[in-house]
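These figures come from a predicted structure and were not determined experimentally. So that the names make sense, note that chain A is the first sequence line, chain B the second, and so on, each numbered from 1.
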Number of protein chains: 2
Amino acid sequence: MKPKIEDVAKLAGVSPTTVSRVLNNRGYISEKTRKKVHDSMEQLNYYPNEIARSLFIKKTYLIGLIFPSTGHPFYGQLIFHLENICSSLGYKVLLCNSQNREDKERNYLKMLQMNQVDGIIAGAHNRGIEEYEIPKLPVVGIDRNLSSKTPVVSSDNYEGGKLATQLLIDKGCKQIIHINGPQYLETPANLRRNAYEDVMRANKLNPITYEFPLKSTDEIVINIVKQIFDDHPQVDAIFASDDLIASKVLREARKRNITIPQHLKVIGYDGTETTRMMLPELSTVEQPIKEIAEKAVEIIIKQINGEQEDIQLENILPVKLIDSETT
Amino acid sequence: MKPKIEDVAKLAGVSPTTVSRVLNNRGYISEKTRKKVHDSMEQLNYYPNEIARSLFIKKTYLIGLIFPSTGHPFYGQLIFHLENICSSLGYKVLLCNSQNREDKERNYLKMLQMNQVDGIIAGAHNRGIEEYEIPKLPVVGIDRNLSSKTPVVSSDNYEGGKLATQLLIDKGCKQIIHINGPQYLETPANLRRNAYEDVMRANKLNPITYEFPLKSTDEIVINIVKQIFDDHPQVDAIFASDDLIASKVLREARKRNITIPQHLKVIGYDGTETTRMMLPELSTVEQPIKEIAEKAVEIIIKQINGEQEDIQLENILPVKLIDSETT
DNA sequence: TTGTAAGCGTTATCAA
DNA sequence: TTGATAACGCTTACAA
């Protein structure tokens, strides 16, 4: 069986309390006993049982992460940074892929509470899961309003939409079409659409937004892109709400022998490392993923430590326009 | 404070034991008390403390995942499936991004043991971490030999290398160059290289492999690709050991006005969802990521349940050649 | 069918 | 400077 404090104590000829003191560096311990204890721990290959420890101190150093999928480039990169930062602060991470399914999300929420996580960081496309209003459990949303009292971290989606649209207009485009997810979700990402429509109107241009459903397959997205080209042969720019969709536009345009950027300009959104690696030619609006992760962890830790005072409810980080070869 | 079994018991007018029995469906309980207990749990919004439970039953239903990064398309997708399957079997997942750093990996290994995980699934490029030989702790490697006794799951890397090389030869290529990671790592992925070299020689062609270092930046990879074109102006095919590298080849070729696939054929490796979305034109060898995850979880669960008998040490799953537009 | 009591491995309190 | 003891919230003998 695994050695426990008692075993170490016996071997070192001291009491369990003393071993615990050595482990946690608490109280006075003579150098001699400290050495004895350390030797015994080494000899037995002892390491403390965090479960027992958590039970007593009522703190697990666990943080739950609920996101649609690690397979999505944006979330994959975001989760990488979240885990990294948590780990550097002594926190561990329980991973949950909600797949944008409310039932899954609810189950995960319950599971995380049963496992006594110290906090939850969540970002997903569903709205209105009242279960997030958990008394005393710190929660932070990323790009998503979980409840009126939950702090949210996101990048400046309105500014991003503005920058993208303005860039296309500045380059002389007149028929600019936008592709975005469902509007009813009221996610911060919808601000990109608002910005697009505002900027278009301010420039006396007619905004046209194509919506794709929440759970779109590859094919559905491609069909929407085709639809756009069929409906609007004169289109000279497309602003897609994410890079994967922009890549579909690029491909369909190539198929139709529309040269980019001469006859059609395309800009995406997200600018993940994977996109920048695989499609560096794509112009895009880069989200500060690492900074979003840093801010979210900072807030959750503050909540955990009871430093409520200087937590802002809305935390908006600046985006960066990448004017590459498709614009 | 959070309600505990005792609170539920008091409210229901029964003993803690009875509540525990209701929770775990053990022993005989009258319908009347069962209802009373359920009502009390509802009223108090009670849910059991898994930490306390784990401590007693000496089982956490936790599985540790150690992989380089969720941000990498292959690992992101793999981890998505691993978590999914674990979750469906009642297991939770502790996520660790090792970033291919031995020191991090060692720390994570210790952390996971301290947290009493029931098992570990790991895949990363370092070799020889003897700490993986943990007495009685179930471990499974993915695409990686962790120790002589640790089961490994991988796709058929040799067959994949063979399929890719043979395809290029069948299409008439003569100067086929291979790009791969460092050979000293002895990962299963190195079999792709062996297959390439074997098939080349069997066809009386000269195998040339360019190696990139373990921790390559974007720029290093691009420079290697440039080097290849400079060193071998006659090259008519490139087989890259992963899709990200293949995408760099595509781009450099385009820059040099080399038309694909007429003057140069390119094939990658992995075929993740993200690649298939962003670069569907890229020919590649698709790994059965979901099946790899399923096999790995199956094995770890068997180990956890002590069903050692029918566990194979080597588990090799078939790959699929995708002959798209770059070959 | 239900209850009492002990113990999982740790830490904090208090006393020595 | 060290040790005995109780407690964290749960489950399981054993008893009733």
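Identified under the salt bridge (charged side-chain N to carboxylate O under 4.0 Å, His left out) test for residues 6-22 of chain A, with sequence neighbours left out: E6(A)-K10(A). Screening residues 13-34 of chain A for ring-ring contact (aromatic ring centres under 6.0 Å, His included), with sequence neighbours left out, gives no hits. Applying the ring-ring contact (aromatic ring centres under 6.0 Å, His included) test to pairs two or more places apart or on separate chains, those with a residue in residues 76-104 of chain A are Y61(A)-Y91(A).
In this structure R26(A) satisfies the salt bridge (charged side-chain N to carboxylate O under 4.0 Å, His left out) test with no other residue, sequence neighbours excluded. With sequence neighbours excluded, the residues satisfying salt bridge (charged side-chain N to carboxylate O under 4.0 Å, His left out) with K295(B) are E298(B). Listed by chain and residue number, R34(A) satisfy the salt bridge (charged side-chain N to carboxylate O under 4.0 Å, His left out) test with E31(A) (two or more places apart in sequence, or in another chain). Residues satisfying the salt bridge (charged side-chain N to carboxylate O under 4.0 Å, His left out) criterion with K290(A), sequence neighbours excluded, are absent altogether.
A 4.5 Å side-chain heavy-atom check between V93(B) and I121(B) finds every atom pair outside the cut-off. Side-chain contact check for V22(B) versus V8(B): every heavy-atom pair is 4.5 Å or farther apart.
Rounded to 10°, the angle separating the first-five-pair axis and the last-five-pair axis of the helix from dT1(C)-dA16(D) to dA16(C)-dT1(D) equals 40°.
From the 5' end on, the contacts that DNA chain C makes with chain B at under 4.0 Å to a non-hydrogen atom open and close at dT1(C) to dG9(C).
The stretch residues 44-58 of chain B touches DNA chain C through L55(B), F56(B), K58(B), each having a heavy atom under 4.0 angstrom from the strand. Residues of residues 2-15 of chain B that place a heavy atom closer than 4.0 Å to DNA chain D, in numerical order, are K4(B), I5(B). Listed by residue number, the members of residues 19-26 of chain A with any heavy atom below 4.0 angstrom from DNA chain D are R21(A).
Across all strands, S30(A) comes closer than 4.0 Å only to sugar-phosphate atoms, never to a base (heavy-atom distances). Nucleic acid contact class of T18(B) (heavy atoms, under 4.0 Å, all strands): sugar-phosphate only.
Taking all atoms of both residues into account, the shortest heavy-atom contact from N100(A) to P68(A) is OD1-CG, 3.7 Å.
Rounded to whole Å, atom P of dA15(D) lies 20 Å from atom OH of Y28(B).
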